[in-house]
Amino acid sequence: MIRATDDCGVTLSLSPGWRTGEGLVVADGGCIRHYGYWNTSG
C-alpha cells in the first residue's frame with residue numbers, strides 16, 4: 001500500500017486488489033471518502 005496525506009489532511013492511498021491487475025484507490029477527506037477501482041486485465 002502507498003499512502004500520502006496533503007496539507008489539508010486529505011489522505012490518498014493506492015493498494016493492490018484481490019486479483020492480478022486490479023487495484024484500489026481511496027481518497028479520504030474525513031467527512032467524505034471516495035473509493036475507486038481499476039482492472040488492467042481484459
Side-chain angles (χ1 to χ4, degrees):
M1 176 186 290
I2 299 170
R3 181 178 292 165
T5 303
D6 71 4
D7 294 337
C8 296
V10 176
T11 301
L12 178 67
S13 64
L14 303 169
S15 60
W18 292 102
R19 296 181 201 104
T20 300
E22 290 184 346
L24 171 65
V25 61
V26 178
D28 186 351
C31 60
I32 297 175
R33 181 176 289 170
H34 177 76
Y35 292 93
Y37 301 91
W38 74 86
N39 185 337
T40 60
S41 58

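Throughout, numbering of the chain's residues begins at 1 and tracks the sequence. Side chains are part of it too, since the values below use all heavy atoms of this structure and drop only hydrogens, waters and symmetry mates.
- Sorted by first then second residue, the salt bridge (charged side-chain N to carboxylate O under 4.0 Å, His left out) pairs that include residues 20-35, not counting sequence neighbours, are Arg19-Glu22, Asp28-Arg33.
- Residues Leu24, Val26, Tyr35 make up the rest of the hydrophobic cluster containing Tyr37, defined by ILVMFWY side-chain heavy atoms closer than 4.5 Å, directly or through other members.
- For Ser15, there are no side chain to side chain donor-acceptor pair (under 3.5 Å) partners at least two apart in sequence or on another chain.
- Nearest heavy-atom pair across Val10 and Gly29 is CG2-CA, 4.1 Å.
- Cluster partners of Trp18, using a side-chain heavy-atom cutoff of under 4.5 Å among ILVMFWY residues and allowing indirect links: none.
- Pairs passing the salt bridge (charged side-chain N to carboxylate O under 4.0 Å, His left out) check and including a residue from residues 2-18, sequence neighbours excluded, do not occur.
- Taking each heavy atom of Trp38 and Val25 in turn, the nearest pair found is CZ3-N, 3.9 Å.
- By the side chain to side chain donor-acceptor pair (under 3.5 Å) test, Ser13 is found to be paired with no residue, residues two or more places apart in sequence or in another chain being considered.
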